[in-house]
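Chain letters run A, B, ... following the sequence lines, proteins first, then strands; residues in each count from 1.
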2 protein chains.
Amino acid sequence: MGEPIYITIVEDIKQQINYGTLKPGDMISSENLLCDMYKVSRMTVRKSLTVLATEGYIYSVPGKGNFVKEPNQDKYILYFNEMDSIEGSIEETQLLDVNIIKPNLETIFNLQIPKSKRVVVVRRLMYIDEVPVAYDIKYIPYYRGMPIVEKEIHYATFPEIVAKKKSLFAIKKELTIKVQKSNEDITNNLKLNNNDWVMTIEQKLLDELNQPIGWGVTYFLGEYFQLQAVSSFIDKSNNIY
Amino acid sequence: MGEPIYITIVEDIKQQINYGTLKPGDMISSENLLCDMYKVSRMTVRKSLTVLATEGYIYSVPGKGNFVKEPNQDKYILYFNEMDSIEGSIEETQLLDVNIIKPNLETIFNLQIPKSKRVVVVRRLMYIDEVPVAYDIKYIPYYRGMPIVEKEIHYATFPEIVAKKKSLFAIKKELTIKVQKSNEDITNNLKLNNNDWVMTIEQKLLDELNQPIGWGVTYFLGEYFQLQAVSSFIDKSNNIY
DNA sequence: TAGTGGTCTAGACCACTAG
DNA sequence: TAGTGGTCTAGACCACTAT
């Protein structure tokens with residue numbers, strides 16, 4: 001035993017939900033009733049309900065009660081990192097070049113910058129068994145005094161490159177995953193046949209004000225690419241209603 | 001104002017973390033010190049720390065203190081559902097057939113069943129603008145008395161098909177995302193050219209004891225397929241150390 | 001031994017909902 | 001008006017860590 005009371009309550013209620021005794025939409029016993037049932041104080045009951053809420057099992061409606069939530073079946077946790085989300089992990093990374101360019105329309109759009117603003121472009125090639133398996137291009141708005149140190153960029157992931165000063169906590173990221181026919185640039189770098197398909201992962205980095213601070217694309221050889229995701233009921237906002 | 005005190009404390013500390021005043025590994029002020037600083041009771045301070053912990057900002061070590069966590073940069077939230085994770089959404093679903101078969105090796109492995117066990121196979125085709133854009137095969141262990149009602153299967157997602165009786169909360173899911181060259185079966189159903197590539201999403205459904213209760217693959221035409229994911233610091237286990 | 005976090009109590013006042 | 005959840009207090013005892 002030794003298990004805290006509040007955990008016991010959590011597991012009791014979870015079981016009722018998992019086995020269908022309590023169904024989505026059902027109201028669970030009121031906090032005062034649970035206090036009586038378990039002979040505990042209200043704060044202890046509320047601790048249990050908080051756990052259930054953050055794990056996505058219930059939500060509460062002030063003045064009414066706590067209710068079983070409709071599980072979000074479509075929500076998954078995905079782990080991705082362009083440096084090791086590949087089968088067998090990258091063995092070698094080649095820094096092709098680092099340039100400062102005038103952005104094209106796509107880059108202007110994705111970085112939300114004026115067209116006069118210069119952009120740093122970093123291009124890398126990743127190898128497994130001497131075979132190029134991924135081709136990576138990143139765009140970062142250039143600012144004066146920006147340190148462009150090749151050694152640092154060589155092995156770094158995107159957030160590490162961009163967030164020299166900012167806390168990594170402040171960075172939001174958006175991924176877009178798709179397949180596309182390779183263009184000439186990709187074909188040359190990944191040594192493909194024309195019209196071969198590549199897995200494409202687009203990364204957009206945003207700061208705390210949702211301003212883009214970096215944009216990049218990684219093209220993966222299909223044979224070497226795979227992502228895993230697992231279901232998740234966790235819910236950031238505890239008080240959805 | 002009207003904002004609860006504990007939210008104020010949460011945001012104060014978040015800001016210190018976001019702006020780098022507090023760095024990963026740093027210990028934050030002790031609970032008693034925070035009580036003094038904000039002139040509140042310990043339970044209020046602890047409520048704030050609980051929020052910060054579930055949002056992945058801090059972790060606590062009993063007897064020592066609360067510490068700023070190293071943000072997990074590689075964690076994303078992904079939304080997927082084979083029925084509408086496609087650009088423009090599926091307009092029509094065609095149920096090709098429902099069969100009861102002897103499982104092949106792959107199916108035996110994925111469903112963890114004896115080879116004598118029969119398996120229900122459901123095959124569907126999804127259309128947009130009369131074009132087949134996805135080909136979907138699902139395998140479910142057959143049990144006596146299983147209702148195989150075509151109408152129900154027609155538009156249902158995988159968990160809905162499998163979990164007739166179980167609470168959907170009890171189901172865990174694993175996704176595998178990859179690209180592969182299409183085989184003859186896929187080529188025929190999606191009207192592809194030989195050696196075209198398809199986006200492949202494998203779904204495995206597990207019950208509360210991690211026993212497989214369903215396995216399926218959906219093949220998507222690359223042109224029509226795209227997934228989005230956003231970064232997440234949320235952490236289910238509040239007490240990682 | 002002093003300090004830390006983990007659990008828990010028995011109250012309190014508030015805003016909201018419902019009959 | 002009675003019941004609900006949301007916030008908050010001022011204590012308590014415990015196990016653990018450090019010195």
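Looking at B/Ile140 and B/Val121, their side chains never come closer than 4.5 Å, going by heavy atoms from C-beta outward.
Under the 3.5 Å distance criterion, the side-chain polar atoms of A/Ser29 are left unmatched by any main-chain donor or acceptor of A/Leu34. Remark: the backbone N or O of B/Thr107 is not paired with any side-chain donor or acceptor of B/Asn110 at under 3.5 angstrom. Judged by distance alone, with hydrogens and angles left aside, the side-chain atoms of A/Lys39 form a donor-acceptor pair with the main-chain N or O of A/Asp36 at under 3.5 Å.
Rounded to an integer number of Å, the gap from B/Glu31 CD to C/dG3 C1' is 11 Å. With rounding to whole Å, B/Tyr59 atom OH is found 17 Å from C/dG6 atom C1'. Here D/dG5 presents its P atom at 13 Å from CG of A/Leu52, a figure rounded to the nearest Å. Atom CD1 of A/Ile58 and atom P of D/dT4 are 15 Å apart (whole Å).
Checking D/dT4, C/dG5, D/dG6 against every side-chain atom of A/Asn32, the shortest atom distance belongs to D/dT4.
Considering only residues two or more places apart in sequence or on other chains, A/Glu11 meets the side chain to side chain donor-acceptor pair (under 3.5 Å) condition with none of them. The salt bridge (charged side-chain N to carboxylate O under 4.0 Å, His left out) test applied to B/Glu174 returns no partner, not counting sequence neighbours. Taking B/Met43 as the reference, A/Met43, B/Ser41 meet the side chain to side chain contact (heavy atoms under 4.5 Å, CB included) condition, with sequence neighbours excluded.
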Pair A/Tyr127, A/Gln94 - check side chain to side chain donor-acceptor pair (under 3.5 Å), show working.
CA-CA 8 Å; A/Tyr127 290 85; A/Gln94 179 188 0; 2.7 Å; yes
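Regarding contacts with the backbone of C/dT4, every side-chain N or O of B/Asn66 stays at 4.0 angstrom or more from both OP1 and OP2. The side chain of B/Tyr6 contributes an N or O atom lying less than 4.0 Å from OP1 or OP2 of D/dT7. When the side-chain nitrogen and oxygen atoms of B/Ser30 are compared with OP1 and OP2 of C/dT4, one or more of them lie within a distance under 4.0 Å.
No cation-pi contact links B/Lys69 to B/Tyr59, judged by a cut-off of 6.0 Å to the six-membered ring centre and 45° from its axis.
Salt bridge A/Lys138/A/Asp136: present, at least one basic N to carboxylate O contact under 4.0 Å.
Each of B/Gln203, B/Glu202, B/Glu106 was evaluated against B/Trp215; a single residue qualifies, B/Glu202, per the side chain to side chain donor-acceptor pair (under 3.5 Å) test.
Annotated stems with DNA chain C as a participant read C:1-18 with D:1-18, given as range with range, by first number; only runs of 3 or more Watson-Crick or G-U pairs under 3.5 Å qualify.
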Would you tabulate the nitrogen or oxygen pairs shorter than 3.5 Å linking the protein to nucleotides 14-18 of chain C?
unit_1 : atom_1 : unit_2  : atom_2 : d
C/dT17 : O4'    : A/Gly63 : O      : 3.4
C/dA18 : OP1    : A/Lys64 : NZ     : 3.3

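Of the residues in residues 33-47 of chain B, those placing a heavy atom less than 4.0 Å from an atom of DNA chain C are B/Arg42, B/Met43, B/Arg46, in numerical order.
Heavy atoms of B/Leu49 sit nowhere under 4.0 angstrom from any nucleic acid atom.
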